[in-house]
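Report on the following structure.
In the text below, chain A, chain B and the rest are named by the order of the sequence lines, each starting its count at 1.
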Protein chains: 2
Amino acid sequence: MPMNEPQPAPAPAPALPTRDRLLDAAERLFGEHGFAATSLRTVTVAADANVAAVNYHFGSKEGLLRAVVERAMAAVNGERLRLLEELRASGDRQPTVEELVRAFVMTGARLVERSGERGVSVARFLGQVMSEPDPAIRRLFATEVGPAEGQYLDALRAALPQLPAAEVAFRFRAMVGLLGLYQSSALGDLHPGDTAEIVAPAGDDAGRLVTFLTAAFHAPPTTDEHTASPG
Amino acid sequence: MPMNEPQPAPAPAPALPTRDRLLDAAERLFGEHGFAATSLRTVTVAADANVAAVNYHFGSKEGLLRAVVERAMAAVNGERLRLLEELRASGDRQPTVEELVRAFVMTGARLVERSGERGVSVARFLGQVMSEPDPAIRRLFATEVGPAEGQYLDALRAALPQLPAAEVAFRFRAMVGLLGLYQSSALGDLHPGDTAEIVAPAGDDAGRLVTFLTAAFHAPPTTDEHTASPG
DNA sequence: GTCTATAGGGGGATAGAC
DNA sequence: GTCTATCCCCCTATAGAC
């Protein structure tokens with residue numbers, strides 16, 4: 001067995017280019033610990049890459065975040081639009097509220113099924129980024145998320161013609177936010193005692209979320225007679 | 001004008017002891033930028049205090065966070081329990097779902113009314129802390145939040161006897177999470193174009209949140225026939 | 001209780017060899 | 001494209017004077 005031949009580095013696990021390993025590691029770590037609390041050194045170690053690699057490939061820490069968001073949103077948006085297309089083509093009627101909510105919420109679950117462990121990371125990452133307080137990050141997320149969500153918002157408005165557009169929009173934002181919390185596992189461990197690891201979005205609770213949101217969308221318009229404080 | 005006399009420092013604004021100024025500043029800054037992204041230096045400068053003051057009064061950065069959480073939760077929990085007491089005393093029947101949801105959600109609005117600008121900080125801070133990914137912080141929040149919320153959960157279970165307890169618990173966590181998002185202003189600026197500053201929780205949207213959540217609680221139990229992915 | 005000064009570690013980013 | 005070495009800044013925390 002000649003050992004001088006230049007074996008083209010059939011390393012055990014990597015196989016992926018550095019750039020992708022960095023994206024994978026950042027996606028996971030940002031999702032688990034948040035953006036501010038995750039150092040580039042942690043990311044590069046996890047990706048088995050060099051410290052300088054981040055700067056070379058993405059320019060800066062924020063550039064890395066941007067790239068991760070874009071990749072994650074591309075997958076989710078594609079799936080969402082595909083499902084919406086299916087719904088519109090499947091019947092001669094408009095999609096119902098429940099169908100729209102289910103398609104929107106289940107996107108996360110599908111992602112997990114298809115991409116396995118990485119799907120969990122994607123879901124958690126997106127949920128985490130959504131509640132980042134930094135305005136720059138929020139803006140980044142909003143511009144990525146906008147186009148695909150707009151179509152769902154329109155479809156929901158069509159399905160709820162009697163509800164003021166502003167209120168549909170409010171409920172839509174609530175759905176997006178709640179799904180984000182769910183994806184970041186924040187809905188699982190609000191209470192002590194239940195220390196089991198929660199993985200998002202798995203089976204049961206995704207269905208509960210759909211039930212919850214569908215009923216919420218069907219609520220009557222809010223009258224302002226009750227907005228005063230009780231008691 | 002003799003300049004040797006030791007004027008007892010009648011500074012314009014302070015009047016509050018250092019410890020309280022630190023709590024106020026930390027509450028506001030943690031709420032605006034998150035815990036990890038806020039340095040102790042920022043806090044002490046905003047509080048017009050010394051860098052070492054935090055360590056003297058609270059032992060560490062996490063000690064400061066703990067103190068802020070405790071103070072904020074004490075106010076909210078007190079108000080929540082008071083409202084629940086009122087509801088229970090006011091009629092010969094059990095409180096309805098809507099009454100419970102309204103009392104729970106409006107606590108934030110009341111806080112703002114009473115404590116003015118600081119009330120906004122409290123609300124935003126609590127919302128922000130709720131979605132912190134650090135397990136230690138989440139645990140801290142959960143133990144503080146637990147007792148008062150337990151009473152509402154019990155009351156909601158009593159008001160929804162036909163619904164499995166696990167599903168009431170899920171919906172309750174969704175309410176808490178959604179209220180947190182709302183308080184941290186996350187429900188306001190998910191979409192670009194609307195760059196106006198959102199202050200939580202003000203009038204209109206609080207009412208919409210109550211409508212939304214009340215209907216969601218009243219949803220029928222989730223059957224597992226639908227949890228499969230659509231299409 | 002409040003200050004200055006500093007320790008001691010990590011952070012993001014870059015230069016320049018390979 | 002990848003590495004090492006390093007710059008420079010800011011971080012938390014503490015020691016010790018007042």
For [X] and [N], give me the distance from atom [atom1] to atom [atom2], rounded to whole Å.
{"X": "A:Lys61", "N": "C:dG10", "atom1": "NZ", "atom2": "C1'", "result": "12 Å"}
{"X": "B:Phe58", "N": "D:dT14", "atom1": "CZ", "atom2": "C1'", "result": "18 Å"}
{"X": "B:Leu64", "N": "D:dC11", "atom1": "CG", "atom2": "P", "result": "15 Å"}
{"X": "A:Leu16", "N": "D:dG1", "atom1": "CG", "atom2": "P", "result": "15 Å"}
{"X": "A:Glu62", "N": "C:dG11", "atom1": "CD", "atom2": "P", "result": "19 Å"}
{"X": "A:Leu65", "N": "C:dA13", "atom1": "CG", "atom2": "P", "result": "12 Å"}

N or O in side chain of A:Thr18 less than 4.0 angstrom from D:dT2 OP1/OP2: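 The answer is yes; a side-chain N or O of A:Thr18 sits under 4.0 Å from OP1 or OP2.
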Find every protein N or O atom lying less than 3.5 Å from an N or O atom of nucleotides 14-18 of chain C, and list the pairs.
residue : atom : partner : partner atom : Å
C:dT14  : OP2  : A:Asn55 : OD1          : 2.8

Has B:Arg28 got a side-chain atom pairing as donor or acceptor with B:Ser121's backbone, closer than 3.5 angstrom?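 No, the answer is negative, given that no donor and acceptor are paired below the 3.5 Å cut-off.
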Side-chain (A:Glu132) to main-chain (A:Phe35) donor-acceptor, under 3.5 angstrom: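 Flag set: sc A:Glu132 to bb A:Phe35 pair under 3.5 Å.
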Any carboxylate oxygen within less than 4.0 angstrom of a Lys/Arg side-chain nitrogen, looking at [X] and [Y]?
{"X": "A:Glu79", "Y": "A:Arg82", "value": "yes"}
{"X": "A:Arg124", "Y": "A:Glu27", "value": "no"}
{"X": "B:Asp24", "Y": "B:Arg21", "value": "no"}

Taking the six-membered ring for Trp, are B:Phe172 and B:Phe104 closer than 6.0 Å centroid to centroid?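 Yes.
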Kindly indicate whether the side chain of B:Leu179, heavy atoms from C-beta on, has any atom under 4.5 Å from the side chain of B:Leu213.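 With C-beta onward as the side chain, the pair stays apart.
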Does B:Val54 reach the side chain of B:Lys61, with side-chain heavy atoms less than 4.5 Å apart?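 Not touching, per the 4.5 Å side-chain cut-off.
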Can you sort out which residues in residues 32-45 of chain A have a heavy atom within less than 4.0 Å of DNA chain C? Ascending by number, please.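 Residues of residues 32-45 of chain A that come under 4.0 Å of DNA chain C are, in numerical order, A:Thr38, A:Ser39, A:Leu40, A:Arg41.
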